[in-house]
Amino acid sequence: KIKHHRLSIFWNNSISSPYEIMHLKTLVITLDLSTVEELPSAQQRIYVLSVAQISIDVVAADRIEKLQHDDIHQFQTSKRLSFPITANDENNDNGAICSPPIILNRLMQALHSGNHKLILRKWKQGARWWNLNMNHTDTSSSSSTTTDNSDNNNNTLAMARAEVAGYRLAKLAMNHHSQQLNNHNKKRKINAYVPDVVYFSHDDNDTVDTEGDPWAIFSYFGSNRVEGLDEDEDEERNIDVNIINNSTLKWDIKKVMSETKTPQSMSSSQRNHLIECKHYPSTMTKNRHEFGFDEPHPRHGRVPIDECSDYAHMILRDVVLPVQFSFFEWSSSSCPMQPSINGVEWKHNLCALAVDSQTSKPFQYHDMIAVYSLALQRLSTAQQNATIDDERMDTLFQMMHECVAALEHEWDGHDDRHPPPLPAVVCHMDLQPQNLTFWHDRNNDSEKDIDVDVHVSEHCSVASVMDYEEAAYADPRFEVLLICRKVLANLEQAEGLWKSYSSSVKLQTTFDVG
């Protein structure tokens, strides 16, 4: 038997005038789910939701808080989630058909492109030991061994906000770049897909349980899916949308259904040329000689030395440059920044990834030095308080002090050594194979019958980009430098990637990366 579960969804938009208040209705959208599958994850709880039907009903405002609190805390057993939604039915006074809230359009779009699947993610803990934003803003040096639940909640929420902002900004940039290519009739491989954040629990602090763990619903990207196509050939399956109080809402649902076709949809023949490529994630090595040292990587590993240069150039082509070119264009006076992203202010997303959460000031070279100095200070304090002397640690700390001092010398008092300024961009900061999926394009193969297990690097491209846990609004060169450090294995490879990056930016813009 197929078990049907239910997922209840609410939405709340900001109120700007008494006139709008008169026409606002509080709603609940219920998704009937055919299956719920939990995926393994270290930092979040992740579920794949298969949606069978959508129901929409009006709900009393005084029930929102209880529904929201009960559903999010009982999700494991009740298979149900709640969050606030309001719709403006100002056209209903004269009986006219009106447009439903934007979330319904985006929900239907995600279901269409994801073969009726969505991703539910619930953050359960923070990760300040690797997240640039929280490492920089948290300057406390408390040595207390107790754990404050409120601090843990704030840390988890800060990480969730930053990751959601990274997804939203990167998707906007990737879509803009794709549109620009279409406008200029330029042909290229399929653009890397960035999942859409359909809903985030803490977009509106006035209507959420701020003490609960943050969670979000994302569009689904499967291994056999090209955006806009179902996995089962070209067959289209409709989702029933049941409006329980349609006499009061009077929404044009047919229009919503007709608008769910993505402009990037492809034909079956085009899709069949693409097959999933698992080469890079499956061949990562746990020990690699890089930049003069034999370095172990026990968790995921690194790309093998003889393949990491091809991999890095693919990442530069498919992910880094498309995002950065959009930000470079938006920074010009002739193309102002986008005012909003899915109803959330552009600046609000930038602030979540910036040096200071109250501003949109991007991370720069000297900010990274401050992060290193703070980390070294904390480590040194811990070492001084250690009960056992370790000469190896003393030597290591001495080397770290010398490295930080060298970086500070490079920056302080030497303006001529400063890199030329570049517009800030959203940086992923961890573009390794475990955070991406890949396509292999069979159109490029000369043989009709190819061996899908044989990897051909020039025919491989990025299919999707995920896990913006380390994302930051920063100097664009940060992204390339971290690819050099995390992906490449020697100075020759790093210089080759930097040369490609520099020439690509110069060709497309007037900027000099240094």
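Only a predicted model underlies this, so the values are computations on that prediction, with no experimental measurement involved.
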Q | Stepwise side chain to side chain contact (heavy atoms under 4.5 Å, CB included) test for W123 and V164 | A | CA-CA 11 Å; W123 286 263; V164 165; 3.8 Å; yes

Q | Y47 six-ring face occupied by R121 cation (under 6.0 Å, within 45°) | A | no

(Q) Among R485, R288, K286, which residue satisfies the salt bridge (charged side-chain N to carboxylate O under 4.0 Å, His left out) criterion with E295? (A) R485

Q) Is it true that a side-chain atom of Y167 and a backbone atom of D467 form a donor plus acceptor pair closer than 3.5 Å? A) yes

**Q.** Side chain S201, main chain W215, donor-acceptor under 3.5 Å
**A.** yes

**Q.** Spatial distance of atom SG (C308) from atom CG (L488) [nearest 0.5 Å]
**A.** 5.5 Å

Q: Check step by step if side chain to side chain contact (heavy atoms under 4.5 Å, CB included) holds for L379 and M400.
A: CA-CA 10 Å; L379 290 171; M400 293 174 66; 3.9 Å; yes

Q: Measure centre to centre between the rings of Y365 and F478, then say whether the value is under 6.0 Å.
A: no

Q: For the residue pair H177 and Q324, confirm or rule out a side-chain donor-acceptor distance under 3.5 Å.
A: no

Q) Can you name the salt bridge (Lys or Arg N to Asp or Glu O under 4.0 Å) partners of K361, sequence neighbours left out? A) D367

Q | Lys/Arg-Asp/Glu bridge criterion (N-O < 4.0 Å) met for K486, E470 | A | yes

Q. At their closest point, which heavy atom of S360 faces which heavy atom of C351, and how far apart are they?
A. N-SG, 3.8 Å

(Q) Are H279 and F438 an aromatic pair, judged by ring center distance below 6.0 Å? (A) no

Q | Ring centers of F511, F328 separated by less than 6.0 Å | A | yes

Q.
Just verifying a value: how many Å separate I483 CD1 and Q493 CD, rounded to the nearest 0.5 Å?
A. 13.0 Å

Q: Can you label the angle between the H440 ring and the H459 ring as parallel, tilted or perpendicular, going by 30° and 60°?
A: perpendicular

Q. Are the side chain of S219 and the backbone N or O of P195 linked by a donor-acceptor pair below 3.5 Å?
A. no

Q: Would you check if there is a donor-acceptor pair between the side chains of E329 and H176 at a distance under 3.5 Å?
A: yes

Q) For E492, does the CD atom have more than 12 heavy-atom neighbours from other residues, nucleotides or ligands under 6.0 Å away? A) no

Q. Within 45° of the axis and under 6.0 Å from the centre of the six-membered ring of Y468, does NZ or CZ of K171 qualify?
A. no

**Q.** R317 side chain reached by S461 side chain, heavy atoms, under 4.5 Å
**A.** yes

Q: Go through the structure and list residues passing salt bridge (Lys or Arg N to Asp or Glu O under 4.0 Å) with E495, not counting sequence neighbours.
A: none

Q) Would a 4.5 Å heavy-atom cut-off, applied to side chains only, mark V465 and H428 as touching? A) yes

Q. Are the side chains of V303 and Y280 in touch, meaning some heavy atoms are under 4.5 Å apart?
A. yes

Q | Heavy-atom closest pair, residues S500 and S503 | A | O-OG, 3.0 Å

Q. Of the non-hydrogen atoms in A162 and L353, which two are nearest, and what is the gap between them?
A. O-CD2, 3.1 Å

Q. When rounded to the nearest 0.5 angstrom, what distance separates CE in M399 from CG in L396?
A. 6.5 Å

Q: Mind checking side-chain contact (heavy atoms from CB on, under 4.5 Å) for N287 and listing every partner two or more places apart, or none if nothing turns up?
A: P296

Q: Using the test side-chain contact (heavy atoms from CB on, under 4.5 Å), find all partners of A463 that sit at least two apart in sequence or belong to another chain.
A: F221, T437, W439

(Q) Please give me the minimum heavy-atom distance between A110 and L118, naming the atom from each residue. (A) CB-CD2, 3.8 Å

(Q) Closer than 3.5 angstrom, by distance alone: can the side chain of R378 be matched with the main-chain N or O of S373 as a donor-acceptor pair? (A) no

**Q.** Verdict with supporting geometry, Q398 and M393, side chain to side chain contact (heavy atoms under 4.5 Å, CB included)
**A.** CA-CA 9 Å; Q398 180 60 35; M393 292 300 295; over 6 Å; no

Q: With sequence neighbours left out, write down each residue that passes salt bridge (Lys or Arg N to Asp or Glu O under 4.0 Å) with R477, or none if nothing qualifies.
A: D475

**Q.** For the student: nearest non-hydrogen atoms of L376 and F397, plus distance
**A.** CD1-CD2, 3.9 Å

Q | Min side-chain heavy-atom separation L431-E479 under 4.5 Å | A | yes

(Q) Restricting to salt bridge (Lys or Arg N to Asp or Glu O under 4.0 Å), what partner residues turn up for E307, sequence neighbours left out? (A) none

Q. Heavy atoms, side chains only, cut-off 4.5 Å: are V487 and R302 in contact?
A. no

Q. Are the side chain of W498 and the backbone of C484 linked by a donor-acceptor contact shorter than 3.5 Å?
A. no

(Q) Taking the side chain as everything from C-beta on, heavy atoms only, tell me whether F200 gets closer than 4.5 Å to P214. (A) yes

Q) Does the side chain of V513 reach to within under 4.5 Å of the side chain of Y501, using non-hydrogen atoms? A) yes

Q) Step by step, would you call Y311 with S457 a side chain to side chain donor-acceptor pair (under 3.5 Å)? A) CA-CA 8 Å; Y311 174 88; S457 60; over 6 Å; no

Q) Just how far is it from atom CG of L120 to atom CD1 of I217, taken to the nearest 0.5 Å? A) 6.0 Å

Q: Ignoring hydrogens and angles, state whether a donor on the side chain of Y220 or S113 is under 3.5 Å from an acceptor on the partner side chain.
A: no

Q) Do the side-chain N and O atoms of Q44 and E469 include a donor-acceptor pair separated by under 3.5 angstrom? A) yes

Q | Distance-minimising heavy-atom pair for M174 and D318 | A | CE-O, 3.9 Å

Q) Rounded to the nearest 0.5 Å, what separation is found between the CG atom of N490 and the CD1 atom of I305? A) 7.5 Å

Q.
With rounding to the nearest 0.5 angstrom, report the CG to CD distance, L422 to Q364.
A. 9.0 Å

(Q) Is the shortest side-chain heavy-atom distance between H313 and I315 below 4.5 Å? (A) no

Q.
Could you walk me through whether L407 and Y372 satisfy the side chain to side chain contact (heavy atoms under 4.5 Å, CB included) test, starting with their C-alpha distance in whole Å, then the side-chain angles of each, then the deciding distance to 0.1 Å, before giving a yes or no?
A. CA-CA 10 Å; L407 293 173; Y372 299 150; 3.8 Å; yes

**Q.** Check: D430/Q432 side-chain N/O donor and acceptor closer than 3.5 Å
**A.** yes

